[in-house]
Amino acid sequence: MTTIYAPPVFSLRFYPIWRRNFLVWKKLMAASIIGNIAEPLITLIAFGYGLGSILKEIDGIPYIHYLASGSICMSVMMASSFEALYSAYSRMSVQRTWDALMNAPLALDDIVLAELLWAATKSLFSGVAILCVMFALGIGLHPQVLLVLPVLFLAGMTFSALGLIMNALAKGYDFFTYYFTLILTPMTFLSGVYYPVAQLPSWLQTVSQFLPLSAAVNLVRPLVLGGWPQAPLLDLAVLAFYCCAGFYVAVIFTRRRF
């Protein structure tokens with residue numbers, strides 16, 4: 001008998017679940033995309049032009065370009081987290097969709113994997129929407145920007161995995177407020193989205209090096225600006241570690257819950 005600590009079992013049975021979530025999302029596609037990009041878009045315009053009129057450049061980069069290349073990572077983080085928290089919890093605990101799915105020839109691991117990949121996919125849609133706005137503003141018009149898409153998808157999987165851990169532990173929607181307030185919001189300010197990490201105290205700079213959002217920003221920002229990341233393997237390793245470890249822990253806690 002499989003224990004709750006056994007490695008996750010992967011199969012293509014996740015795809016019908018992913019497709020089911022996608023078909024449901026299509027009915028509310030416009031409202032969903034607008035909701036996911038509204039906050040980063042407002043931040044980009046308000047801070048990019050407002051603060052950017054005072055703070056012209058950071059390290060020789062126009063501030064709105066600097067902010068845009070960080071905001072797209074923040075958008076992916078928030079979109080994947082919302083889906084892996086509120087939407088996944090609704091399907092798991094409120095609508096009882098997961099219970100119905102497990103009456104089919106599906107395993108719990110298939111459902112968790114499908115939720116991970118669907119949340120990452122949905123966050124990628126938000127990232128692409130933000131990219132389109134950036135292109136309209138003349139930001140990121142470089143060949144390297146195509147490499148941003150797989151990075152955003154990996155970042156989406158990473159934050160989806162972390163969100164699914166909270167989903168498995170949650171007793172209600174209010175529980176997620178702690179995660180956003182105590183984890184995601186501080187991470188946003190420590191990861192170089194709004195200003196260089198070098199402006200932080202040395203001990204916070206050390207903390208920032210191990211944050212998944214910092215890794216995503218380190219990879220995406222140079223590509224958007226037409227350059228190349230300084231340490232891509234290290235940043236990819238950080239994202240991959242959080243993604244794999246987070247998914248494994250999420251599977252364990254979800255098995256324990258069921």
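Being a predicted model, the structure only gives us computed values, none of them experimental.
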If you define the side chain from C-beta out and look only at heavy atoms, does anything of [X] sit under 4.5 Å from [Y]?
X      : Y      : answer
Phe82  : Phe159 : no
Asn167 : Phe253 : no
Trp18  : Leu113 : no
Leu219 : Pro229 : yes

Using only atom types and a distance under 3.5 Å, with no angle test, would you say the side chain of [X] pairs donor to acceptor with the backbone of [Y]?
X      : Y      : result
Thr158 : Leu154 : yes
Ser160 : Ala84  : no
Tyr242 : Phe210 : yes
Ser81  : Met78  : no
Ser90  : Tyr86  : yes

Geometric class of the Tyr66/Tyr63 ring pair [parallel <30°, tilted 30-60°, perpendicular >60°]: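 Answer is parallel, since the angle falls under 30°.
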Aromatic plane relationship, Tyr173 with Tyr89 - under 30° parallel, 30 to 60° tilted, over 60° perpendicular: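 Answer is perpendicular, since the angle exceeds 60°.
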Qualifying side chain to side chain donor-acceptor pair (under 3.5 Å) pairs with a residue from residues 104-120, counting only residues at least two apart or across chains: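 Residue pairs passing side chain to side chain donor-acceptor pair (under 3.5 Å), neighbours aside: Ser11-Asp110, Arg13-Asp110, Glu83-Trp118, Arg91-Glu115, Trp98-Glu115, Asp109-Arg255.
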Any pair counted as side chain to side chain donor-acceptor pair (under 3.5 Å), so long as it reaches residues 175-201, sequence neighbours left out: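 Output for this query lists Ser191-Ser214.
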Leu147 and Trp228: CA distance, side-chain angles, deciding distance, side-chain contact (heavy atoms from CB on, under 4.5 Å) verdict: CA-CA 10 Å; Leu147 296 175; Trp228 299 99; 3.5 Å; yes
